[in-house]
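Working notes for the structure below.
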Amino acid sequence: MHVNGRTITREQEFKRAQYIGRIFQNPLLGTAGNMSLEDNMMITYRKGFKWLKRSLNHTMREYFKAELVQLKMGLEDRMKENLVMFSGGQRQALTLLIMVLSKPDLILLDEHTAALDPKNAQIVLELTHKFIRDYKLTSMMITHNMSHAIEFGNRLLMMDKGEIIFDVEGEEKQALTVEKLIEKFHQIRHKTFENDRSLLSVE
């Protein structure tokens, strides 16, 4: 795997975390529940605990509050609260925001709305789209929701058994529907099955 021309396949995870942001399916995994909102934001912003209390001054608090307003959840008024008091939807939206503020080279979204109720899932998806657009970020979203796969992003990769079986972008992607995507999947699977059967017959 390469990021900005750098081979990272064998790099340790803590080193990758310096330039790769990741949002997990479980909304509780991206933040520390027993720490305050402002401490969580500072740790991510500084990419670690170093100089945490010294750096968390009035200027940084005001900066974080201004950024939190984007979530439209009132979290800018809860800076001192521990995140264990927050809902799953709030924590996932917060995880997304603080990850974005760390300015990663690549964002990995690992089914990041799958564990949320429909309302919160839609909120987090809209925030994802907004942040990627506004901050000009590169992102890879993994999803089993075909509507989301078609609606978001400029390129769609369909995988089966660890292999890329369909790669589409641009106008061709925009013209897709869920029905067409399902049909394409079955066509590819059928063709693969026929090829495998032919190989077995030859052997």
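One-based numbering along the sequence shown.
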In the structure I gave you, are the side-chain heavy atoms of [X] and [Y] within less than 4.5 Å of one another anywhere?
| X | Y | answer |
| --- | --- | --- |
| Ser36 | Glu81 | no |
| Val178 | Ile150 | yes |
| Asn34 | Val84 | no |
| Val168 | Lys173 | yes |
| Ile43 | Met35 | yes |
| Arg78 | Gln90 | yes |
| Asn145 | Glu111 | no |
| Ser139 | Leu106 | no |

Just how far is it from atom [atom1] of [X] to atom [atom2] of [Y], taken to the nearest 0.5 Å?
| X | Y | atom1 | atom2 | result |
| --- | --- | --- | --- | --- |
| Leu156 | Gln174 | CG | CD | 12.5 Å |
| Asp160 | Ile188 | CG | CD1 | 9.0 Å |
| Leu96 | Arg91 | CG | CZ | 15.0 Å |
| Thr177 | Glu183 | OG1 | CD | 8.5 Å |

Residue pair [X] / [Y]: nearest heavy atoms and the distance that separates them:
| X | Y | value |
| --- | --- | --- |
| Pro104 | Leu137 | O-CD2, 4.0 Å |
| Gly162 | Met159 | O-CE, 3.5 Å |
| Gln25 | Ala115 | O-CB, 3.5 Å |
| Glu38 | Arg61 | OE1-NE, 2.9 Å |
| Leu116 | Pro27 | CD2-CG, 4.2 Å |
| Ile98 | Met41 | CG2-CG, 3.3 Å |

Applying the 4.5 Å side-chain criterion to the ILVMFWY set and letting contacts propagate, would [X] and [Y] be lumped into a single cluster?
| X | Y | result |
| --- | --- | --- |
| Leu101 | Leu37 | yes |
| Met42 | Tyr63 | yes |
| Val69 | Phe86 | no |
| Leu28 | Leu97 | no |
| Tyr135 | Leu71 | yes |

Members sharing Phe24's hydrophobic cluster (side chains within less than 4.5 Å):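 Same cluster as Phe24: Leu29.
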List the atom pairs, donor and acceptor, that lie under 3.5 Å between side-chain atoms in residues 121-131 and the rest of the protein, sequence neighbours left out.
from   : atom 1 : to     : atom 2 : distance (Å)
Gln122 : NE2    : Glu126 : OE2    : 3.1
Thr128 : OG1    : His112 : NE2    : 3.0
Thr128 : OG1    : Val124 : O      : 2.7
Lys130 : NZ     : Asp134 : OD2    : 2.8

Non-neighbouring partners of Phe185 that pass ring-ring contact (aromatic ring centres under 6.0 Å, His included), sequence neighbours left out: none
Pair Phe64-Leu56, side chain to side chain contact (heavy atoms under 4.5 Å, CB included): steps then yes or no: CA-CA 10 Å; Phe64 289 152; Leu56 190 51; 4.1 Å; yes
Side chain to side chain contact (heavy atoms under 4.5 Å, CB included) evaluation trace for Met146 with Ile182: CA-CA 9 Å; Met146 286 181 283; Ile182 293 173; 3.5 Å; yes
Identified side-chain contact (heavy atoms from CB on, under 4.5 Å) partner of Met141 from the options Leu109, Asp110, Ile107, Ile23: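 Among the candidates, only Leu109 passes.
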